[in-house]
Amino acid sequence: MGESPLKVMVVDDHPMWRDAVARDLAGAGLEVVATAGDGEQAVRRARAVRPDVLVLDLNLPLKPGVEVCRELVGADPSLRVLVLSASGEHADVLEAVKSGATGYLVKSASTEELLDAVRRTAVGEAVFTPGLAGLVLGEFRRLAAGPPEPAPATPAPRLTDRETEVLRLVAKGLSYKQIAERLVISHRTVQNHVQNTLGKLQLHNRVELVRYAIETGLDED
């Protein structure tokens, strides 16, 4: 039995752009379950249709995109949000990630890049327009270098050697495909290791995983 199509929702206040993106996604076999043209409509409809991936513009009427993201991901951490914005400003990228976005693509991206980003976002990969990934990793390093937090009362979960190895490569910014090639394992096996690690660490997505790895020094090996 084949897998059910990926459910995607598109949020943008420009009707022609919104319709074009929805048409491209549907044409590639994804199921566009809803669209919305403002922030409040986006929150209502996303709660009703529960998409796998929300393709979200930041500049929205009634409620800004970062607020939409914060609200929806706060209520449902399994939701993946891919920001698709005209802005490549560093402040906008960091604000989006801090609000819970899994990835960030600028609108100059090609249709192929968008489709690839949506599919990778769906499995928890942190997808960024080239040049922005380093910015986000750098910000996480800066935050990790801040005042140490009190040690948790419970012992840290034990990861297997292979899970630690995969986590170290995730922290270095490698894609699942690159990790699979380096470790000579399948793409699916990499996904399984990442999902197991997320569960053990009680994290929700690859962005949080990268931050954990940086805070524990795994990216420096």
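- Taking every heavy atom of both residues into account, C69 and A101 meet most closely at SG-N, 3.4 Å.
- Shortest non-hydrogen contact noted between L60 and G37 is CD2-O, 4.5 Å.
- Within a 6.0 Å radius of NE2 in H14, other residues, nucleotides and ligands contribute 12 heavy atoms or fewer.
- Contact between S85 and D57 at its shortest, heavy atoms only, is CA-OD1, 3.8 Å.
- Between K63 and E71 there is a salt bridge, with a side-chain nitrogen of the basic residue lying less than 4.0 Å from a carboxylate oxygen of the acidic one.
- Not a single side chain to side chain donor-acceptor pair (under 3.5 Å) links R18 to another residue, sequence neighbours left out.
- In this structure, D19 does not pair ionically with R23, as no charged nitrogen and carboxylate oxygen lie closer than 4.0 Å.
- Closest heavy-atom contact between A96 and L58: CB-CD2, 4.4 Å.
- When all heavy atoms of V97 and F128 are compared, the closest pair comes out as CG2-CE2, 3.7 Å.
- Heavy atoms only, all atoms of each residue included: P51 and L79 are closest at O-CD1, 3.4 Å.
- Under 4.0 Å is where a charged nitrogen must lie from a carboxylate oxygen, and between E125 and R80 no such pair does.
- At least one donor-acceptor pair under 3.5 Å links the side chain of Q178 to the backbone N or O of S175.
- Checked against side chain to side chain contact (heavy atoms under 4.5 Å, CB included), R162 has the following partners two or more places apart in sequence or in another chain: T160, E165, V166, L183, I185, H193.
- Cluster annotation: V118 and V127 are assigned to distinct hydrophobic clusters (Ile/Leu/Val/Met/Phe/Trp/Tyr, side-chain heavy-atom contacts under 4.5 Å, transitive).
- Within a 6.0 Å radius of NZ in K200, more than 12 heavy atoms belonging to other residues, nucleotides or ligands are found.
- Listed by first and then second residue, the side-chain hydrogen bond (donor to acceptor under 3.5 Å, both in side chains) pairs involving residues 26-54 amount to none (not counting sequence neighbours).
- The pair R70-E67 meets the salt-bridge criterion, with a side-chain N (NZ, NE, NH1 or NH2) lying under 4.0 Å from an Asp/Glu carboxylate O.
- Grouping the Ile, Leu, Val, Met, Phe, Trp and Tyr side chains by contacts below 4.5 angstrom, directly or via other members, places L62 apart from V11.
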